[in-house]
Amino acid sequence: MKMIIAIVNDNDADTLTQAFTAASFRVTRVASTGGFLRSGVVTMLLGVEDTQVDAVIETVRNALPAKGDKKRATVFVVPVSHFEQV
């Protein structure tokens with residue numbers, strides 16, 4: 001299992017949330033400021049199976065294509081050693 005952390009500009013958050021839900025990924029959004037994109041940002045958290053990681057990254061690329069050399073998302077993939085739903 002992996003935890004995917006996607007940091008996107010506040011203006012792109014709704015677009016990406018809709019793309020994730022359309023692709024049947026469950027996502028948790030956390031609003032924040034500053035950081036990598038130096039403005040209002042949203043951090044999105046997704047817990048997915050290892051086999052779904054590429055599909056999540058492809059969803060980000062399709063929903064938020066780069067504008068020239070400007071990137072629109074920062075994505076971290078973190079291994080999860082244990083999780084529980086309680």
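Heads up: numbering here begins at 1 and tracks the sequence. Fair warning: this is a prediction, and the values are worked out from it, not measured in the lab.
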### Qualifying residues under salt bridge (Lys or Arg N to Asp or Glu O under 4.0 Å), relative to Arg61, sequence neighbours excluded
none

### Message
Any heavy-atom pair between the side chains of Arg29 and Asp14 that's under 4.5 Å?
### Response
yes

## Note on the structure
Sequence neighbours excluded, the answer for side chain to side chain contact (heavy atoms under 4.5 Å, CB included) partners of Val53 is Lys2, Ile4, Val48, Ile57, Val77

### Query
Quick one: side chain to side chain contact (heavy atoms under 4.5 Å, CB included) partners of Met3, sequence neighbours excluded?
Ile5, Leu45, Val78, Val80

## Note on the structure
Correct closest heavy-atom pair for Thr15 and Ala63 would be CG2-O, 3.8 Å

### Query
Got a second to check how far Leu16's CG is from Asn9's CG, nearest 0.5 Å?
11.5 Å

### Message
For a quick test of reading the model, state the closest non-hydrogen atom pair linking Ala73 to Val8 and the distance between them.
### Response
CB-CG1, 3.7 Å

### Query
Out of curiosity, Met1 CE to Thr51 OG1, how far, rounded to the nearest 0.5 Å?
9.5 Å

